[in-house]
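Below: the structure, in structure tokens.
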Amino acid sequence: MARMTGKEALARMLAAEGVEYIFGNPGTSETPFLDVLQDYPNLQYIQALQEGTAVGMADGYARATGKPAFANIHIAGGLANGISALYNAYRGGTPLVLTAGNSDTRMLLSDPVLSGDLVEMTQQFTKWSAEIPQAENIPMAVRRAFKEAMTPPVGPVFLSFPWDTMDEEVDVDITPSSPGYYRMGPDPAAISSAVELLARAENPVVVIGDRVGQSGGGAELVRVAEQLGAKVYASSYTYSEISFPLNHGQYAGMLNLNSSATRRQLAEADVVLAVGTNVFSSFLYVSEPFLSPATKLVHMDNDLKEIEKIYPTNVGIPCDPKAGLAELADALDQEMTASAREAAATRAATLGEARRQAREEYLGRMQSMPDTRPMPVDRMMYELAQALPDNAVIADEAITSRGALLQALEPSVPGSYYAIRGGALGWAMPGALGIKLANPDRPVVAVVGDGASMYTVQALWTAARYNIPVTYAICNNRAYRILKVNMDVYLRGMLEDNQRDSEYVGMDFATPLPLAEVAEAMGVSGRNVEDPSDLGPALEQAIDSGKPSVINVSIDGAL
């Protein structure tokens with residue numbers, strides 16, 4: 001054991017855990033911790049101007065590295081600012097250790113200013129949330145926090161450090177968390193039952209989520225999908241970890257879980273294999289279930305609480321998705337009959353040909369599109385895709401423009417595309433900075449809606465302060481277009497016999513957001529683009545500059 005203060009123990013534990021960056025928005029309750037950091041130069045503090053920006057950077061960094069990121073923000077009032085980003089991390093499953101300082105415990109009976117129950121504030125959006133009452137508990141708490149964050153299903157944790165625990169001197173051991181071995185295999189009986197259904201399926205469908213990509217199970221997923229000749233859908237708010245290549249002939253797109261159209265898409269499926277995804281959580285009410293009673297459901301997941309949470313499940317398989325898919329593929333090889341293999345190959349060929357034709361039609365349409373202003377969103381994304389370097393990484397918070405972005409890019413390599421998860425706006429502006437810090441040798445481009453960008457526009461200051469060369473392509477349609485889309489869903493689909501038209505109250509920006517000028521004011525290069533032919537050169541110039549840049553692209557926001 002060695003004798004040291006609590007703040008020294010915290011810093012040494014972070015170093016032992018391999019932490020490189022502390023993403024933070026400093027506050028007075030964090031003073032002792034900020035004081036000790038000058039003695040630990042290998043722990044680089046990345047300053048944010050608002051707590052949500054700090055947590056968003058940590059989210060992007062954690063997702064791009066696959067290891068827990070560390071963020072430190074302010075007491076109750078500041079922590080509240082960061083909870084929207086914490087919510088995204090929780091819903092998306094990001095391994096993140098969030099911390100905050102709290103009031104000196106000797107003051108608690110006096111109801112100090114800014115103090116609060118930080119554990120109660122965060123526990124509904126974390127895997128584990130705790131306040132550390134004694135300095136001697138700090139190494140144990142930090143070790144457990146990193147272990148909890150990385151234990152599947154991965155997710156965020158929160159620790160609160162009262163001021164006095166930072167200055168208290170104690171005898172402690174500095175021992176980091178042990179390497180994790182999380183590749184839990186499936187029950188052989190469950191695999192056997194799943195194969196019995198899948199090997200005989202005439203119209204199988206595979207629905208996937210990010211936990212496949214998080215497990216590294218992409219190759220195994222492709223093998224199973226090709227064995228079955230199945231359509232592959234991504235579930236809503238997913239495709240952040242590239243679990244299945246979007247240019248594959250069997251990829252059928254992303255399900256819209258806020259629409260009854262999903263029921264129609266899945267209606268002909270006799271067996272649905274869901275892997276690493278929630279089945280099915282939606283935002284808007286849909287009157288009918290997405291799966292018919294005749295459809296059999298096989299759900300493989302390392303998040304046990306999601307199996308049979310909503311839908312009756314014929315076979316639930318708790319396991320690591322990569323390990324489970326590998327065993328499922330081996331079992332299908334053994335059990336599928338020659339006629340079943342032939343039928344699967346025919347299905348795969350038919351799907352592949354339809355997708356090839358659709359791609360040709362899309363490219364022909366893009367190449368003949370006139371140079372209208374403002375440009376259609378399809379044209380914006382096509383021009384971006386043509387100009388992007390092959391090794392570029394995309395951070396996507398385009399929301400209603402996402403479909404056009406994915407169609408243009410067809411991202412197919414893990415680590416090349418990340419999107420907002422959870423739905424609380426403001427992720428991509430800071431998230432892209434974390435992704436860039438994790439990928440210093442790759443260009444990072446954030447594609448962000450104009451409204452979404454303003455939630456964490458302070459990230460531009462951080463980009464300039466540390467010269468983090470992210471290029472931001474802003475989809476400026478002068479509105480919260482997602483709200484307009486959902487208003488139309490409400491009026492046309494959720495209200496019976498409704499003839500009312502909407503004035504879209506509070507959804508348009510009467511004064512367009514001058515994002516290029518905002519960027520310039522914060523020390524970041526800004527450029528406005530209206531002509532589609534200017535977009536590609538602008539993107540190339542921004543990336544080649546080696547500095548953060550904003551390209552404010554005027555697009556047509558028509559519904």
Side-chain angles (χ1 to χ4, degrees), residues 56 237 239-240 254 366 369 371-388 392-411 417-421 423-432 435 444-457 459-460 463 470-486 504 507-519 524-540 542-543 548-559:
Y237 283 123
Y239 244 105
S240 302
M254 183 181 293
M366 292 301 101
M369 186 173 288
D371 292 342
T372 55
R373 303 184 188 183
M375 70 186 80
V377 65
D378 287 350
R379 180 67 183 278
M380 173 188 174
M381 300 310 175
Y382 176 76
E383 296 295 339
L384 284 178
Q386 296 303 300
L388 278 174
V393 184
I394 297 295
D396 170 18
E397 194 173 6
I399 313 300
T400 55
S401 301
R402 175 176 296 168
L405 175 62
L406 291 177
Q407 187 174 31
L409 288 176
E410 292 192 323
Y417 173 86
Y418 300 91
I420 179 178
R421 299 187 299 191
L425 296 181
W427 172 79
M429 296 297 285
I435 292 169
V444 174
V445 176
V447 185
V448 193
D450 51 350
S453 72
M454 293 302 295
Y455 284 76
T456 46
V457 73
L460 293 175
V470 168
T471 299
Y472 295 93
I474 306 296
C475 310
N476 197 323
N477 56 24
R478 299 158 297 284
Y480 288 128
R481 190 172 183 274
I482 184 62
L483 299 184
K484 291 184 173 184
V485 169
N486 288 338
Y504 302 117
M507 302 178 195
D508 286 304
F509 302 148
T511 302
L513 301 175
L515 275 305
E517 291 75 15
V518 170
V524 171
S525 173
R527 178 173 177 177
N528 292 305
V529 170
E530 295 184 358
D531 190 327
S533 63
D534 291 340
L535 182 52
L539 181 68
E540 292 172 356
I543 292 173
S549 303
V550 167
I551 305 171
N552 187 37
V553 185
S554 180
I555 62 172
D556 185 355
L559 297 174

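Nearest heavy-atom pair across Pro548 and Val524 is O-CG1, 3.4 Å. Minimum interatomic distance between Ala432 and Ala395 (heavy atoms only, all atoms of both residues): CB-CB, 3.9 Å. Closest heavy-atom contact between Glu383 and Leu535: CB-CD2, 4.0 Å. Contact record, Ala519 with Ser525: CB-O, 4.3 Å, taken as the closest heavy-atom pair. Taking every heavy atom of both residues into account, Val529 and Asp531 meet most closely at CG1-O, 3.6 Å. In plain terms, the two heavy atoms of Glu530 and Met375 that are nearest each other are O-CE, 3.5 Å.
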Worked check of side chain to side chain contact (heavy atoms under 4.5 Å, CB included) between Ile555 and Arg379
CA-CA 9 Å; Ile555 62 172; Arg379 180 67 183 278; over 6 Å; no
Pair Leu384-Leu409, side chain to side chain contact (heavy atoms under 4.5 Å, CB included): steps then yes or no:
CA-CA 9 Å; Leu384 284 178; Leu409 288 176; over 6 Å; no
Show your working on side chain to side chain contact (heavy atoms under 4.5 Å, CB included) between Leu539 and Leu388 and close with a plain yes or no.
CA-CA 8 Å; Leu539 181 68; Leu388 278 174; 3.9 Å; yes
Side chain to side chain contact (heavy atoms under 4.5 Å, CB included) between Ile474 and Val553: does it pass, once the steps are laid out?
CA-CA 6 Å; Ile474 306 296; Val553 185; 6.0 Å; no
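Put simply, the side chain of Glu397 gets close to the backbone of Trp427: a donor and an acceptor are under 3.5 Å apart. Not a single donor-acceptor pair under 3.5 Å links the side chain of Arg527 to the backbone N or O of Ile551. At least one donor-acceptor pair closer than 3.5 Å links the side chain of Tyr472 to the backbone N or O of Met429. In this structure, Thr456 contributes its side chain and Gly426 its backbone to a donor-acceptor pair below 3.5 Å. The backbone N or O of Asn476 sits less than 3.5 Å from a side-chain atom of Arg478, completing a donor-acceptor pair.
Side-chain contact check for Cys475 versus Val447: some heavy-atom pair is nearer than 4.5 Å. Put simply, the side chain of Val444 does not reach to within 4.5 Å of the side chain of Thr471, judged on heavy atoms. Side-chain contact between Tyr417 and Leu406 is present, with heavy atoms from C-beta onward closer than 4.5 Å. The shortest distance between side-chain heavy atoms of Asp556 and Arg373 does not fall below 4.5 Å. Residues Ile399 and Ile420 meet the side-chain proximity criterion, which asks for heavy atoms closer than 4.5 Å. Between Leu405 and Met380 there is no side-chain heavy-atom pair separated by less than 4.5 Å. Counting only heavy atoms from C-beta outward, the side chains of Leu513 and Val518 never approach each other to under 4.5 Å.
In this view, Tyr504 satisfies the ring pair (Phe, Tyr, Trp, His ring centres under 6.0 Å) rule with no residue, not counting sequence neighbours. Among residues two or more places apart in sequence or in another chain, the salt bridge (Lys or Arg N to Asp or Glu O under 4.0 Å) test is passed with Glu410 by Arg355, Arg359. Taking Glu517 as the reference, Pro514, Asn528 meet the side-chain contact (heavy atoms from CB on, under 4.5 Å) condition, with sequence neighbours excluded.
Defined by atom type and a distance below 3.5 Å, a donor-acceptor pair is missing between the side-chain atoms of Tyr418 and Asp396.
Here CE of Met507 is found 13.0 Å from CZ of Arg481. Values are rounded to the nearest 0.5 Å. Atom-to-atom distance recorded for Thr400:OG1 and Ile482:CD1 is 6.0 Å, nearest 0.5 angstrom. Distance check: Ser401 OG to Met381 CE gives 4.5 Å after rounding to the nearest 0.5 Å. Note that the CZ atom of Phe509 and the CG atom of Asn477 stand 7.5 Å from one another [nearest 0.5 Å].
Taking a cutoff of 4.0 Å between a charged side-chain nitrogen and a carboxylate oxygen, Asp508 and Lys484 qualify as a salt bridge.
The neighbour count for Gln407 CD, taken as heavy atoms of other residues, nucleotides or ligands under 6.0 Å away, is above 12.
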